[in-house]
A.B. asks: 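After the structure tokens below, expect a handful of questions from me.
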Amino acid sequence: MATSANLLLFSILLSIATFVCATNVTRDGRAIIIDGKRRVLLSGSIHYTRSTAQMWPDLIRKAKEGGIDAIETYVFWNAHEPVRRQYNFNGDLDLVRFVKTIQDEGLYAVLRIGPYVCAEWNYGGFPLWLHNLPNVELRTSNQVYMDEMKNFTTLIVDMMKNENLFASQGGPIIIAQIENEYGNVMSPYGDAGKSYIEWCSNMAVSQDIGVPWIMCQQSDAPQPMINTCNGWYCDQFTPNNPNSPKIWTENWTGWFKNWGGKDPLRTAQDVAFSVARFFQFGGTFQNYYMYHGGTNFGRTAGGPYITTSYDYDAPITEHGNLNQPKYGHLKQLHDQLHNLESILTSGNITNTDLGNSVTATVYATPDQSACFLSNANVSNDATVSFQGNNYDVPAWSVSILPDCVTESYNTAKVTTPTTIIVKKKNMAEDEPSSLNWTWRAESVEDTVLQGKGSVASHQLVDQKAAASDLSDYLWYMTSVDLAPNDRVLGSNMTLRVNGSGHILHAYINGELIGSEWATYGVFNYVFEKNATFKPGQNLITLLSVTVGYQNYGPFFDTIQSGVIGPVEIVGFKGDETVVKDLSSSTWSYKVGLNGMDNKLFNPENTLSLWQSEELPINRKLTWYKTTFKPPLGTDPVALDLLGLGKGEAWVNGHSIGRYWPSYLADEDGCSAEPCDYRGSYSNNKCVYNCGKPTQRYYHVPRSFMDEEVNTLVLFEEFGGNPTLANFVTVTVGSVCTSSKENTTLEMSCEGGRPISGINFASFGNPQNTCGSFAQGQCDTDARGFLVNECIGKESCAVEATVKNFGEPCGRGTGPFRLVVEYLC
Ligand SMILES: *[C@@H]1O[C@H](CO)[C@@H](O)[C@H](O)[C@H]1NC(C)=O
Ligand SMILES: *[C@@H]1O[C@H](CO)[C@@H](O)[C@H](O)[C@H]1NC(C)=O
Ligand SMILES: *[C@@H]1O[C@H](CO)[C@@H](O)[C@H](O)[C@H]1NC(C)=O
Ligand SMILES: *[C@@H]1O[C@H](CO)[C@@H](O)[C@H](O)[C@H]1NC(C)=O
Ligand SMILES: *[C@@H]1O[C@H](CO)[C@@H](O)[C@H](O)[C@H]1NC(C)=O
Ligand SMILES: *[C@@H]1O[C@H](CO)[C@@H](O)[C@H](O)[C@H]1NC(C)=O
Ligand SMILES: *[C@@H]1O[C@H](CO)[C@@H](O)[C@H](O)[C@H]1NC(C)=O
Ligand SMILES: *[C@@H]1O[C@H](CO)[C@@H](O)[C@H](O)[C@H]1NC(C)=O
Ligand SMILES: *[C@@H]1O[C@H](CO)[C@@H](O)[C@H](O)[C@H]1NC(C)=O
Ligand SMILES: CC(=O)N[C@H]1CO[C@H](CO)[C@@H](O)[C@@H]1O
């Protein structure tokens with residue numbers, strides 16, 4: 001038993017321990033200061049909700065190896081508090097575990113509590129119950145809202161404090177964020193918006209977390225909030241206070257994808273250029289948005305119309321593979337910047353404009369200097385004379401000269417090998433080549449056939465309010481009585497429905513008459529189809545489907561979804577058009593699908609009858625089920641759903657997200673390959689995948705699966721062919737690398753696998769890019785040499801010399817390159 005003296009001693013020791021461990025995080029006009037030292041900090045966004053707890057250590061370790069100092073995440077309110085005061089911090093939502101994993105890897109954490117987060121996340125992270133509270137107005141000076149925001153913020157802060165996770169307590173969290181990009185949307189909120197920001201700041205300060213708070217895109221952020229920049233480039237950004245360092249909270253490493261959209265990529269050269277420019281012009285903290293983008297599991301994608309994949313062309317791919325050369329090229333840059341930490345955070349800065357968009361920057365202390373030469377000219381490769389030497393600085397690039405003499409890095413000169421990630425079928429020999437499906441129809445007895453709902457109203461309701469985010473599906477049902485002599489009645493009648501989100505399936509008297517859906521950007525649609533009505537009662541059933549709620553914009557939270565009306569029957573009598581407006585008829589509502597209520601996606605549910613005969617193809621509102629063994633090995637797994645229409649998929653009861661492979665990306669507007677990295681990036685600049693399914697492959701985390709028997713359930717809304725579905729692994733297929741004449745070419749595979757083949761190898765002046773290399777006019781084939789030297793080895797180095805490969809085209813035609821594409 002502890003004596004009181006022991007207890008006293010113990011608490012003294014404890015307070016000493018706390019004192020010793022505490023990290024002192026402050027800031028000045030130059031940098032974030034940690035334990036008295038100004039820091040260059042490279043941070044990367046990894047959202048815990050977009051991967052699994054099993055993946056976290058590997059992702060964070062890869063970030064650390066990539067030269068990242070801090071992991072940044074939002075906190076997702078609607079994931080944690082789906083029902084008011086009912087919380088979920090379990091499993092893959094275990095925020096404390098995520099932050100501790102960051103700590104275990106020895107990195108810092110940046111916690112963007114928000115709790116509004118945008119993030120292409122459903123409803124920007126707000127729980128729907130918040131919208132449905134009486135007298136609430138979101139993101140403004142409204143007491144109901146502010147009380148809830150404070151309640152959740154305090155909950156998160158207390159949770160972190162209880163686990164000693166703030167740096168002031170010895171934990172990894174060095175920075176926290178309140179609100180998010182409010183400055184971008186603030187003016188429509190008027191004075192209420194201004195006082196809201198004051199309130200946010202005071203509320204944050206009152207949380208007493210002992211580390212700095214930031215507000216991003218908030219030029220009027222009150223002190224002590226640090227206002228920070230988000231964007232593709234932030235080199236021209238200046239904080240609003242001389243005591244705030246230049247911080248870049250969102251550097252978009254790529255862009256998100258929408259249904260119907262193309263794949264947006266951002267080149268390694270351009271991301272590196274934007275980062276190097278930021279540090280050239282005095283920046284000291286920058287964060288990659290995203291460093292790992294991940295997956296929008298379940299119904300978490302916002303937008304609307306954001307795809308299930310949130311890959312973002314980030315340095316780590318959705319599935320956790322390294323995105324090369326981006327990852328490696330940025331790692332080299334991080335190493336350069338870290339080596340210059342002290343001079344970048346304390347040297348005097350002198351910029352010299354050398355004309356033609358070339359700028360030289362000297363960082364100097366009495367005993368050291370470091371230089372940047374940047375060429376922001378879009379087309380002109382410059383030879384820059386600087387302090388008596390000449391430097392070749394390609395267009396749209398930055399060179400780093402750590403001693404102001406020798407170039408150690410240039411953002412346009414990529415030396416990291418390129419990898420091609422491939423999908424492989426990797427099933428055991430004894431696995432049948434296709435899955436064995438059973439099926440059952442979604443029961444529509446109550447809705448399509450009887451029009452029976454659970455609530456009635458004399459108006460068309462907002463789907464957000466009615467469905468309260470419990471389902472994507474809301475049934476709107478009404479009946480219309482047409483007398484035989486009704487003027488609207490005739491053979492030629494049209495049902496017209498105005499909707500704003502996002503998909504509609506319309507039935508009259510039990511028959512589907514058609515479907516309609518919105519396109520990204522314009523979320524309104526008008527459904528118009530001819531139909532046959534009969535004299536007497538006619539049942540109209542409208543199934544409205546949302547594809548994620550809006551997450552951005554002023555008053556985004558109030559935008560109505562679903563059938564907004566009018567709903568009309570249009571008939572003709574001679575030349576006369578007769579319109580019957582049903583908008584204020586008696587409408588009956590039902591939320592969701594019977595199959596969801598009966599948890600058909602749950603493998604433990606054995607009550608339901610699934611049939612194996614007469615498997616229907618292209619049937620709407622149909623459930624499919626199968627069992628499967630996962631592909632062999634430990635590589636990440638994806639489900640290929642080519643041939644399916646639209647719906648949702650579950651593996652062992654875990655929703656892997658919405659699928660919609662039948663939605664093809666636009667035919668036109670794809671970029672040339674390779675994309676020209678020069679010139680300002682925008683999300684339409686380097687786009688690919690024209691005319692192909694927006695998203696064909698769906699990530700199935702290994703932790704969702706067992707070794708032996710697993711259940712896959714699909715709910716197919718549009719109609720498709722499940723027999724074409726199959727599982728694949730996602731892995732590095734081939735690697736491309738090259739070396740200049742008389743240098744060493746090094747080859748190796750991720751994860752210590754052996755080099756298993758040489759697709760292409762040529763010494764001379766080979767043409768084209770990785771995946772499509774071809775010999776130039778006078779190359780010598782180097783395959784034989786490399787096959788002999790490298791096959792079966794984990795790594796291999798060869799000299800790119802005439803001695804090894806012979807002289808292409810005779811003497812004096814060099815310099816040459818050795819170019820190789822090899823298999824892992
Ligand atoms: C934290 O660091 C700042 C300056 O970097 C210093 O002024 C302050 O005294 C330090 N606080 C503690 C508790 O060490
Ligand atoms: C949040 O509100 C509930 C009442 O709804 C209250 O019991 C709880 O203490 C509040 N939590 C915080 C952290 O303020
Ligand atoms: C880029 O370089 C070209 C060629 O030297 C020059 O004509 C042009 O003015 C430069 N543009 C900028 C913005 O500096
Ligand atoms: C920066 O320049 C100022 C004024 O020339 C000088 O006083 C100061 O010592 C310099 N600081 C460093 C770190 O070189
Ligand atoms: C497919 O399922 C049916 C019904 O469960 C069963 O009879 C048949 O043997 C299965 N075929 C394979 C290849 O597993
Ligand atoms: C439908 O209405 C249009 C326009 O009034 C008319 O031209 C057409 O003949 C009608 N069709 C039938 C089948 O009645
Ligand atoms: C129906 O929607 C269309 C397209 O969004 C719009 O132009 C039209 O005004 C709407 N009709 C009514 C009556 O609101
Ligand atoms: C309805 O049918 C008539 C002819 O039967 C046709 O002219 C008209 O385009 C149709 N309207 C729609 C919306 O399909
Ligand atoms: C490579 O080295 C060889 C032998 O030293 C030399 O003759 C040749 O010029 C070099 N090539 C280049 C491009 O430097
Ligand atoms: C102003 C702006 O467009 N901000 C966006 C920055 O990127 C993040 C992530 O893609 C979005 O959530 C913001 O809306």
Side-chain angles (χ1 to χ4, degrees), residues 28-31 33 37-38 40 75 77-78 80-89 95-96 111 113-115 126-127 129-130 132-136 143-163 165-166 176 178 199-200 202-209 233 235-236 242 273 277 282 284 340-371 373-385 391-398 403-404 412 676-680:
D28 64 10
R30 266 324 259 281
I33 302 171
K37 191 174 173 229
R38 288 199 189 120
V40 158
V75 177
W77 189 356
N78 55 6
H80 294 304
E81 195 178 353
V83 177
R84 191 164 179 264
R85 303 301 179 257
Q86 289 180 25
Y87 298 101
N88 182 359
F89 287 93
L95 177 62
V96 166
L111 196 67
I113 299 177
F126 283 141
W129 56 257
L130 184 65
N132 294 337
L133 289 179
N135 303 319
V136 78
Q143 202 57 48
V144 180
Y145 168 70
M146 292 189 300
D147 287 348
E148 292 297 328
M149 173 168 168
K150 182 173 181 184
N151 190 287
F152 183 73
T153 304
T154 309
L155 178 94
I156 296 299
V157 166
D158 288 350
M159 183 180 280
M160 297 299 118
K161 281 186 181 170
N162 288 340
E163 301 283 342
L165 292 174
F166 287 106
I178 197 74
W199 174 85
C200 288
N202 292 333
M203 190 269 282
V205 170
S206 75
Q207 300 284 341
D208 192 21
I209 59 174
Y233 304 91
D235 49 282
Q236 301 304 317
F273 172 75
R277 291 263 300 179
T284 50
L340 298 175
E341 180 167 65
S342 114
I343 194 158
L344 291 182
T345 54
S346 62
N348 279 338
I349 310 176
T350 316
N351 292 317
T352 312
D353 183 349
L354 301 178
N356 238 0
S357 303
V358 175
T359 311
T361 302
V362 180
Y363 279 79
T365 60
D367 43 33
Q368 196 195 354
S369 60
C371 294
L373 297 177
S374 76
N375 177 3
N377 194 300
V378 174
S379 55
N380 184 51
D381 295 336
T383 303
V384 179
S385 290
Y391 300 89
D392 149 38
V393 187
W396 206 256
S397 80
V398 179
D403 55 358
C404 289
D676 187 349
Y677 65 84
R678 299 172 303 176
S680 280

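All values below were derived from every heavy atom in this structure, side-chain atoms included, with hydrogens, water molecules and symmetry-related copies excluded. Remember, it's 1-based here, ligands and their atoms both numbered in the order they're listed.
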A.B. asks: So is there a nitrogen or oxygen of Arg85 less than 3.5 Å from a nitrogen or oxygen in ligand 2?
C.D. replies: yes

A.B. asks: Does the protein put a heavy atom less than 4.0 Å from atom 7 (O) of ligand 3?
C.D. replies: no

A.B. asks: Specify side chain, backbone, both or neither for Asn356, according to which of its non-hydrogen atoms lie closer than 4.0 Å to ligand 3.
C.D. replies: both

A.B. asks: Give the residue, atom name and distance (to 0.1 Å) of the protein heavy atom nearest atom 9 (O) of ligand 2.
C.D. replies: Asn151 ND2, 4.8 Å

A.B. asks: Just by distance, do the side chain of Asp235 and the backbone of Arg277 share a donor-acceptor pair under 3.5 Å?
C.D. replies: no

A.B. asks: His80 vs Phe152 aromatic rings, parallel, tilted or perpendicular, using cut-offs 30° and 60°?
C.D. replies: parallel

A.B. asks: Should the pair Trp77 and Phe126 be assigned to parallel (<30°), tilted (30 to 60°) or perpendicular (>60°) ring geometry?
C.D. replies: perpendicular

A.B. asks: Compare Asn348, Ile349, Asp367 and give the one whose heavy atom is closest to atom 12 (C) of ligand 4.
C.D. replies: Asn348

A.B. asks: Run the salt-bridge test on Lys161 and Asp208 with the 4.0 Å N-O cut-off and return the result as yes or no.
C.D. replies: no

A.B. asks: Any heavy atom of Gly347 sitting closer than 4.0 Å to ligand 4?
C.D. replies: no

A.B. asks: By number and element, which atoms of ligand 4 are closer than 4.0 Å to a non-hydrogen atom of Ser346?
C.D. replies: 13 (C)

A.B. asks: Roughly how far, to the nearest 0.5 Å, is the CD atom of Glu81 from the CG atom of Leu130?
C.D. replies: 9.0 Å

A.B. asks: Please check if a non-hydrogen protein atom sits closer than 4.0 Å to atom 2 (O) of ligand 4.
C.D. replies: yes

A.B. asks: Side chain or backbone of Lys150 under 4.0 Å from ligand 2, or both, or neither, by non-hydrogen atoms?
C.D. replies: neither

